[in-house]
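Below: one structure, written as structure tokens.
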Amino acid sequence: MNKTINQKAWYFVIPVFVLVAFNAAIPLMTVVNYSFQETFGNNVFAWEGTRWFKQILLSERFHAALGRQIAFTFIILLIQIPLGIAIALTMPKKGLGVPVCLILMSMPLLIPWNVVGAMWNIFALPDIGFLGHTLNSMGFDYNFTQQPGDAWFTTILMDVWHWTSLVVLLSYAGLNSIQPAYYQAAEIDGASRWATFRYIELPKMKKVLTLAILLRFMDSFMIYTEPFVLTGGGPGNTTAFLSIDLVKMALGQFDLGPAAAMSLIYFFIVLLVCWVFYNLMMKNEAKS
Amino acid sequence: MSLELKNIEKKIGIDTHIYPTSLKLKKNTINVLLGSTLAGKTTLMQIMAGLDKPTSGEIWFDGENVTGMKVQKRNCSMVYQQFINYPNYTVYENIASPLTITGVKSDEIKQRVGKVAELLKLSAMLNKKPDELSGGQQQRTALARALVKDSDLILLDEPLANLDFKLREELREELPKLFEDRDCIVVYATTEPSDALMIGGNTATLLEGKVIQYGKTLEVYNKPENLISAKVFSDPPMNIAEIKKSGDICKFLDNNVQWKSLAKIKDGTYKIGIRPHNITTYKEGNNPVEINGKVQISELSGSESLIHFTNGNLNWVSLSNGTQQKNVGADTKLYMNTDEFLYFDQNNRLVKNG
């Protein structure tokens with residue numbers, strides 16, 4: 001077949017190019033620009049090569065922030081994924097309970113992130129907050145603004161409260177797509193509840209769970225607003241996750257070069273982990 | 001060994017899904033449940049298996065009341081319209097699954113799975129996973145899982161409905177052979193009369209939650225107890241008309257077509273049922289009668305031709321062998337094989353076949 005040559009078709013593509021350029025490519029290139037140079041304002045730049053990258057990669061401060069970030073993400077995934085599946089399994093499959101449960105479950109997802117932070121801040125205040133006051137009156141020495149352990153506990157609890165619903169909704173959708181005949185077949189075989197979960201429900205939920213883990217990984221790895229409002233990274237630096245540390249460096253200390261280098265490293269870590277994880281999860285799919 | 005349903009009834013809320021039904025299925029038989037969608041075939045099977053409890057009535061198996069006994073304790077297996085297999089098990093593991101759960105020794109499992117796999121032509125794909133197989137092979141795997149168990153009761157719920165035509169024909173021919181030497185009761189649900197005829201055994205015709213007739217398949221086909229059973233067991237749909245009989249002469253109420261009947265029934269008005277293949281473009285039987293028709297639709301299906309035609313108020317279907325192309329709107333001559341007419345009285349009960 002002969003292709004007709006029609007250069008006018010480019011006009012359809014140009015708007016997309018412009019949009020992507022302004023909201024992704026140009027900002028990213030600006031950051032790349034800063035990461036290789038030193039600036040003292042007034043648009044004066046001096047070439048620094050890979051100095052900022054080396055500095056960040058070797059700095060203890062970055063290692064500590066990255067360590068805290070990995071620990072946080074790991075803990076919340078470990079809690080939210082099993083908890084989400086468990087809640088989805090107990091949700092009703094028909095009747096009035098379905099819309100009620102779905103609406104209740106989506107509530108936390110609809111609350112703006114800084115409101116979540118502010119809510120939990122007040123909720124957890126040791127003297128007047130419901131959670132803080134209750135814990136203290138029960139004899140626990142709880143103060144999230146002063147004790148690192150309590151700060152972590154509160155941040156994790158807040159994130160679990162805010163985001164487990166997402167895992168629940170995705171798992172619920174996955175479970176609902178399983179035909180009832182599968183359950184009957186398992187019942188006829190005499191399979192136990194655990195075997196039904198392990199060999200029917202879990203494999204059938206594989207795709208949505210992959211998606212849930214990916215989304216939760218990315219979101220939690222980039223978490224900023226809620227811990228910023230709740231603890232501000234404190235006490236000390238104990239809850240200063242990567243993005244909080246980054247903002248401190250860029251806006252607090254105005255170290256634009258190192259901050260730009262750190263942004264890029266941060267970005268590549270997220271990209272790399274997602275890519276590796278996705279490929280591992282989909283490896284079996286590709287085989288068949 | 002036998003499975004007996006005694007006055008089974010199933011209600012969900014105010015809806016009756018199965019009206020009081022009694023049915024006795026004997027050992028070593030294949031029993032077809034024939035009826036359209038929502039006739040209650042699946043509900044009835046689930047009650048037989050113990051997956052569902054009847055609202056009232058009893059189920060007896062082998063002289064034992066098993067009403068309300070859980071499905072795990074009953075020795076039965078089921079194959080569904082959808083191809084149900086464990087997604088991350090291989091074909092071998094899938095077939096072996098009912099045996100592994102009950103703790104059969106591994107050498108015995110190996111031997112039994114091998115035998116069933118060979119029977120169902122799955123030997124070459126034992127190491128594959130279900131989603132690497134074609135639909136036909138997936139359903140064969142599901143069938144193998146049902147057969148490997150040596151169940152007393154095997155339930156097949158429209159097992160061929162999701163297969164394409166060729167695979168369907170192939171598996172349909174194999175099915176009766178698979179169950180030949182087995183010590184079990186097979187129940188096979190289908191919407192298609194041709195399935196029932198091909199599988200043979202016994203047939204129960206169902207309509208809207210009622211078992212209309214149960215008996216030997218050919219007998220139910222040739223001597224339907226009543227008009228409903230005849231309608232259920234006819235595809236394309238049966239042609240029905242009212243006639244008046246006086247002396248030897250039968251005549252349609254709607255037109256002047258008449259024929260001589262040797263049927264020894266009283267004079268009066270009757271309904272007759274004519275299966276589409278008894279109206280043809282050529283003469284058949286001992287006493288063919290001509291009828292004129294205006295062609296409404298003319299369709300060829302393989303080596304058969306369906307002609308929908310009208311004659312006065314009658315709106316009928318005929319089925320002839322060969323490719324008989326007719327123009328829509330054309331007047332055409334057709335012949336009815338009066339030997340195979342079914343005569344029903346005013347209460348829709350069969351009074352005479354032929």
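Reminder, nothing fancy here: chain letters follow the sequence lines and each chain counts from 1.
- There is no contact between B:N75 and chain A, counting heavy-atom distances below 4.5 Å.
- Annotation: A:K93, atom NZ; neighbour count of heavy atoms from other residues, nucleotides and ligands within 6.0 Å is above 12.
- Side-chain contact check for B:R145 versus A:D189: some heavy-atom pair is nearer than 4.5 Å.
- Contacts between A:Q184 and chain B at a heavy-atom distance below 4.5 Å involve backbone atoms as well as side-chain atoms.
- Taking a 6.0 Å sphere around CZ of B:F179, one finds it holds more than 12 heavy atoms contributed by other residues, nucleotides or ligands.
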Task: Verdict with supporting geometry, B:N88 and A:R198, side chain to side chain contact (heavy atoms under 4.5 Å, CB included) - done: CA-CA 10 Å; B:N88 57 352; A:R198 172 69 187 79; 3.8 Å; yes

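- Contacts of A:A186 with chain B are made by both backbone and side-chain atoms, with heavy-atom separations under 4.5 Å.
- Proximity to chain A is absent for every atom of B:Q81, based on heavy atoms less than 4.5 angstrom apart.
- The shortest heavy-atom contact between A:G190 and B:I101 is O-CG2, 3.5 Å.
- The 12-atom threshold is not exceeded at CD of B:E118, counting heavy atoms of other residues, nucleotides or ligands nearer than 6.0 Å.
- When the shell of 6.0 Å around CZ of A:F277 is examined, it contains more than 12 heavy atoms from other residues, nucleotides or ligands.
- The 12-atom threshold is exceeded at CD1 of A:I111, counting heavy atoms of other residues, nucleotides or ligands nearer than 6.0 Å.
- Inspection of the A:Y199 and B:N94 side chains reveals no N or O donor paired with an N or O acceptor under 3.5 Å.
- Atoms CD1 and OH, from A:I188 and B:Y80 in turn, are 4.0 Å apart once rounded to the nearest 0.5 Å.
- Atom-to-atom distance recorded for A:E187:CD and B:M78:CE is 11.0 Å, nearest 0.5 angstrom.
- If you measure heavy-atom distances from B:K128 to chain A, you find no contacts under 4.5 Å at all.
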